[in-house]
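Okay, structure first, notes after.
Here the structure is a predicted model, which is why all the values come from computation and not from measurement.
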Amino acid sequence: MNIPFLPPGDYRFPQPDYALAECDGLVGVSSDLDTGRLLAAYRQGIFPWFSHNGLFYWYATAPRTVLLPENLHIGRSLAKTLRHKTYQITVNQAFADVIAHCAAVPRAGQDGSWIAPEFQTAYTELHRLGFAHSFECRYPDETGRLKLAGGFYGVQIGSVFYGESMFALAPDASKIAFAAAVPFLAQCGIRLIDCQQDTAHLRRFGSQPMPFTDFQTALQTLNNQPLTQTISSGVVRECGC
């Protein structure tokens with residue numbers, strides 16, 4: 001395998017065709033993880049998967065799992081929970097807490113988290129620049145005070161939202177956050193949600209596979225398509241509060 005090293009300050013990536021065919025999707029390795037490289041990568045359908053010995057490994061996956069907001073499916077059980085449970089969903093009110101909780105979640109088959117401190121620093125900077133967003137689900141505690149129960153975060157470029165990671169400290173919290181966030185994102189002008197990899201959890205929400213070439217073609221248009229409404233900070237949905 002010929003894995004290219006991506007020199008600092010040069011944000012060009014090779015086309016992922018060779019990586020997908022010969023290297024299990026590994027596009028390249030870099031010693032940096034700054035905002036310029038992250039934004040350049042996402043625009044091409046590439047993302048950093050993990051770090052090792054001070055190097056960052058950049059991948060593409062094919063077919064790509066995506067969710068078109070208009071195809072969001074809410075199952076009967078979750079729909080009942082959304083109607084009757086007490087919760088509050090907010091956006092961009094606890095980004096640092098959300099990414100820290102995502103980093104702490106145990107993952108099946110993984111020793112530790114891929115969201116190392118360098119990842120948290122880089123994505124928090126993207127958040128400061130307006131390119132990364134968090135959604136928070138809060139449940140009331142025994143005193144009635146709302147406490148963080150789950151959520152997720154991702155990167156937004158143009159009308160594409162690239163989902164990254166989610167967590168739940170209480171049952172259904174991340175599901176409720178996602179179910180509320182997708183219509184909100186659609187209202188803001190998001191046309192495509194990148195889910196990266198296929199999971200049963202995402203299929204239940206209506207995700208679908210997309211050939212990687214089609215995915216890249218969509219990104220060329222949608223990454224340059226502005227939002228109709230800024231994703232700022234506030235309450236997205238609340239029930240029983």
Test of understanding: clusters of I, L, V, M, F, W, Y form through side-chain heavy atoms closer than 4.5 Å, transitively. Do [X] and [Y] belong to the same one?
X      : Y      : result
Leu222 : Leu219 : yes
Ile3   : Leu20  : yes
Ile89  : Leu146 : no
Leu55  : Phe119 : yes

Taking all non-hydrogen atoms of both residues into account, name the closest pair between Arg83 and Cys239 and its distance.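 Scanning both residues, the minimum pair turns out to be O-SG, 3.3 Å.
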Considering all heavy atoms of both residues, which atom of Ala177 and which atom of Gly151 are nearest to each other, and what is their separation?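 It is CB-CA, 4.1 Å.
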Without hydrogens or angle criteria, can the side chains of Tyr42 and Asn223 be said to hold a donor-acceptor pair below 3.5 Å?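 No, no side-chain donor-acceptor pair sits under 3.5 Å.
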Between Gln88 and Thr90, is any side-chain donor less than 3.5 angstrom from a side-chain acceptor?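 No donor-acceptor contact under 3.5 Å links the two side chains.
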Yes or no on side-chain hydrogen bond (donor to acceptor under 3.5 Å, both in side chains) for Ser134 and Glu136, after CA distance, side-chain angles and deciding distance? CA-CA 6 Å; Ser134 62; Glu136 304 89 22; 2.5 Å; yes
Return each pair, listed once, that meets side-chain hydrogen bond (donor to acceptor under 3.5 Å, both in side chains) where at least one residue sits in residues 167-178; pairs must be two or more places apart or across chains. none
Answer whether the closest heavy-atom distance between the side chains of Cys137 and Tyr139 falls below 4.5 Å. yes
Could you check whether any side-chain N or O of Arg37 sits under 3.5 Å from a backbone N or O of Asp10, counting only pairs where one atom can act as donor and the other as acceptor?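 Checked: pair present.
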Quick check: does any side chain N or O of Tyr18 sit under 3.5 Å from a backbone N or O of Asn2, one acting as donor and the other as acceptor? yes
List the steps, then state whether side chain to side chain contact (heavy atoms under 4.5 Å, CB included) holds for His127 with Asn92. CA-CA 9 Å; His127 172 66; Asn92 288 334; 3.4 Å; yes
How many angstroms lie between SG in Cys188 and CG in Leu227, if you round to the nearest 0.5 Å? 6.5 Å
Is the Phe205 to His201 ring centre distance short of 6.0 Å?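 Yes; His201 has its ring centre under 6.0 Å from that of Phe205.
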May I ask you to check whether Trp49 and Phe47 place their ring centres under 6.0 Å from each other?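 Close enough - the centres of the two rings lie under 6.0 Å apart.
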Between Val160 and Val155, is the side chain to side chain contact (heavy atoms under 4.5 Å, CB included) condition met? List the steps. CA-CA 8 Å; Val160 182; Val155 174; over 6 Å; no
Can I get a per-line list of side-chain donor-acceptor pairs under 3.5 Å for residues 69-77, giving both atom names and the distance, sequence neighbours left out?
from	atom 1	to	atom 2	distance (Å)
Asn71	ND2	Gln208	OE1	3.4

Would you please test Arg64 and Thr61 for side chain to side chain contact (heavy atoms under 4.5 Å, CB included) and show each step? CA-CA 6 Å; Arg64 197 58 160 247; Thr61 56; 3.3 Å; yes
Is atom NE2 of His52 surrounded by more than 12 heavy atoms (other residues, nucleotides or ligands) closer than 6.0 Å?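 No - once you tally the heavy atoms of other residues, nucleotides and ligands closer than 6.0 Å, there are 12 at most.
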